[in-house]
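Heads up, the thing below is written out as structure tokens.
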Amino acid sequence: MAILSSRRRSAAISVAAVAGLAAAGVGFAVGGASAGTVSGSLYRDPGSAVVRWVAANPGDSRAAVIRDKIASQPQARWYANFNPSTIQSEVSSFIGAANAAQQIPVLSVYEITNRDCGGASAGGAPDLNQYQTWVSNFARGLGNQTVLIILETDSLALQTCLSTGELNARNQALTTATQTIKSANPNAKVYLDGGHSTWNSANDTANRLRAAGVQYADGFFTNVSNFNPTSSEANFGRAVISALNGMGISGKRQVIDTSRNGGAAGDWCADDNTDRRIGQYPTTNTGDANIDAYLWVKPPGEADGCRYTAGSFQPDLAFSLANGAPNPPTTAPPTTNPPTTAPPTTAPPTTAPPTTAPPTTPPPTGNGCSASVAINQWNGGFTASVNVTAGSAAINGWTVTVALPGGAAITGTWNAQASGTSGTVRFTNVGYNGQVGAGQTTNFGFQGTGTGQGATATCAA
């Protein structure tokens, strides 16, 4: 599926100039508690373009950096193709995988009629009636767990191509879309387009959000595909929330796209810039009561439509964003976050009393560390999340040996170096996660074909 980019405006363009150009949740209690309303671990999409590229290019000199700093992280899955007959099944499959991993998926809906005002990411539904049909089918695939919905980037910040009648119709379409999604899944968190801090003013943004039905949504998103610092976006978000409060619309929160705002500002198009960096790694633990999450909505390495086709994955862009950026935190597993003990269905206490059923993974005594592996299986493939736990003393470097079932083959690895692709595979730490404190845990993962169920892991330090 093509993931399209939205056109963004430079932070160097004045607000006045831009104004002339542009007119109750159930969360997965997995990660640290957020200061906002969302709590849990975000879902890493094993089918994203960057994961596929890393798996297909293990010998590329850029692969390790892209793997460890981008492919390891949760990013939004974009839904940008007008496919009303298949969208429900596509969404249901994606949501099912995230639910099985007990993680929160991020979905970016990019299908509004007259999308991007005919720019680099033009397209969308042929008309708003067909848009509503598409949204209804989309919503039926969302299940009933927590999901984060980024609803129609640029749809409110960029309005220069719309007549008054078309603008009113778009606002009604966004209101209806929000209500449709919330009705289908009351645990869905829906965020509307808030542009960014150097585009429209906070008061103007609040008025646009109100006209588009933000009172029915959970809040708004900012900085998608842009480079403004997180602090600037947070200040802008507070001003928008204050303006909404003044209109009698309270309780709304912000999410911020931090996928490429860790470097210099400048011209809006990442295709032609090499001074960008990935920003803060995705998390729901923001520490800010106004901000539900820092997300990677725009997948790092996917083009804006200047030098390359909008939405295409370009490894040189990804490498430019990741090279020199800080390493990701090692306390947040990039794939699944399973319980540390075997689920009841695998070890019923009535048939396996503790005195006769030893643990399935070796204890840390004697080798300094232990390892456990959890498999997220789907038809034809799987991802694995491996926890490495130090024993009673800190370790400096580790090796994990994974025994794979027959027919399984590894196609990609993150946060570790792999030796071999099938049978018994040895994984060693990368530079930044070899040191593990006593009793502490780090994580790596891999993707493969075939069946991963039954894989076992042992650790040596």
Side-chain angles (χ1 to χ4, degrees), residues 6 8 22-23 25 36-38 76 78-80 106-117 124-125 128 131-132 134-135 138-139 142 147-159 162 166-197 199-226 233-234 236-257 290-295 297-298:
S6 62
R8 312 309 300 153
T37 62
V38 180
W78 283 63
Y79 292 88
V106 180
L107 294 78
S108 178
V109 174
Y110 197 49
E111 200 56 62
I112 196 74
T113 303
N114 203 3
R115 184 176 67 202
D116 199 28
C117 279
L128 291 177
Y131 175 71
Q132 295 301 345
W134 186 93
V135 168
F138 169 88
L142 290 174
V147 298
L148 305 186
I149 308 293
I150 305 301
L151 188 61
E152 303 297 355
T153 296
D154 285 352
S155 61
L156 298 181
L158 179 62
Q159 299 178 342
L162 303 178
E166 289 170 332
L167 177 57
N168 290 337
R170 173 175 287 188
N171 286 335
Q172 183 57 56
L174 291 169
T175 299
T176 302
T178 300
Q179 293 172 318
T180 299
I181 292 169
K182 299 288 281 186
S183 177
N185 179 358
N187 292 319
K189 301 288 187 179
V190 180
Y191 303 90
L192 302 184
D193 176 36
H196 58 76
S197 60
W199 199 339
N200 303 302
S201 71
N203 284 336
D204 188 8
T205 298
N207 280 317
R208 296 181 187 211
L209 288 166
R210 176 178 61 175
V214 74
Q215 55 268 39
Y216 305 107
D218 295 273
F220 57 94
F221 59 87
T222 70
N223 213 40
V224 172
S225 300
N226 216 326
E233 292 304 301
F236 175 67
R238 281 189 284 272
V240 173
I241 290 170
S242 177
L244 289 172
N245 287 338
M247 300 172 184
I249 301 174
S250 61
K252 304 308 170 186
R253 291 176 172 83
Q254 179 185 18
V255 296
I256 300 174
D257 185 356
N290 292 318
I291 302 173
D292 275 346
Y294 301 130
L295 303 177
V297 179
K298 170 71 173 181

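Because the structure is predicted, anything quoted here is derived from the model rather than measured.
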Compare every heavy atom of [Y] with every heavy atom of [X], then report the nearest pair and how far apart it is.
X      : Y      : answer
Ala212 : Leu192 : O-CD1, 3.7 Å
Asn203 : Ala243 : OD1-CB, 3.4 Å
Glu152 : Tyr110 : OE1-CA, 3.3 Å
Thr37  : Asp292 : N-OD1, 2.6 Å
Ile181 : Ala188 : CG2-CB, 3.9 Å
Met247 : Ala206 : CE-CB, 3.7 Å

Task: Those residues that, when tested against Ala202, pass side chain to side chain contact (heavy atoms under 4.5 Å, CB included) (two or more places apart) - done: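 In terms of side chain to side chain contact (heavy atoms under 4.5 Å, CB included), with neighbours along the sequence ignored, Ala202 is linked to Phe236, Ala239, Val240.
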TODO: Begin with the C-alpha distance, continue with both residues' side-chain angles, and end with the deciding distance and a verdict on side chain to side chain contact (heavy atoms under 4.5 Å, CB included) for Ile249 and Val214.
DONE: CA-CA 8 Å; Ile249 301 174; Val214 74; 4.2 Å; yes
Measuring from atom [atom1] of [X] to atom [atom2] of [Y], what distance do you get when rounded to the nearest 0.5 angstrom?
X      : Y      : atom1 : atom2 : result
Lys189 : Lys182 : NZ    : NZ    : 6.0 Å
Gln132 : Thr113 : CD    : OG1   : 9.0 Å
Leu148 : Ser108 : CG    : OG    : 11.5 Å
Gln159 : Asn114 : CD    : CG    : 11.5 Å
Asp204 : Leu209 : CG    : CG    : 9.5 Å
Ile150 : Lys298 : CD1   : NZ    : 14.5 Å

Open item on the list: Tell me every residue that passes ring-ring contact (aromatic ring centres under 6.0 Å, His included) with Tyr131, counting only those two or more places apart in sequence or in another chain.
Closed with: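 Partners of Tyr131 by the ring-ring contact (aromatic ring centres under 6.0 Å, His included) criterion come out as none, since no residue qualifies.
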Under a 4.5 Å cut-off applied to non-hydrogen side-chain atoms, are [X] and [Y] in contact?
X      : Y      : answer
Tyr191 : Val297 : no
Asn226 : Asp257 : no
Leu142 : Leu107 : yes

State whether the side chain of [X] and the backbone N or O of [Y] hold a donor-acceptor pair below 3.5 Å, judged by distance alone.
X      : Y      : value
Asp193 : Thr153 : no
Thr178 : Leu174 : yes
Glu111 : Ala125 : yes
Trp134 : Ile112 : no

- [ ] Fit a plane to each ring of Trp199 and His196, take the angle between them on a 0 to 90° scale, and name the class: parallel (under 30°), tilted (30 to 60°) or perpendicular (over 60°).
- [x]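 Judged by the thresholds at 30° and 60°, the geometry between Trp199 and His196 is tilted.
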TODO: If a pair satisfies salt bridge (charged side-chain N to carboxylate O under 4.0 Å, His left out) and one of its residues is in residues 241-252, list it, with sequence neighbours excluded.
DONE: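 Of all non-adjacent pairs touching residues 241-252, none passes salt bridge (charged side-chain N to carboxylate O under 4.0 Å, His left out).
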Could you work out, with side chain to side chain donor-acceptor pair (under 3.5 Å) as the rule, every residue matching [X], not counting sequence neighbours?
X      : answer
Gln172 : Thr176
Asn207 : Arg210
Thr175 : none
Arg170 : none

Open item on the list: Is a donor from one side chain sitting under 3.5 angstrom from an acceptor on the other, for Thr222 and Gln254?
Closed with: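 A pair is found: one side chain offers a donor N or O, the other an acceptor, under 3.5 Å apart.
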Task: Modelled atom types, side-chain donor and acceptor of Asn200 and Thr205, under 3.5 Å - done: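 No pair is found: no donor N or O on one side chain lies under 3.5 Å from an acceptor on the other.
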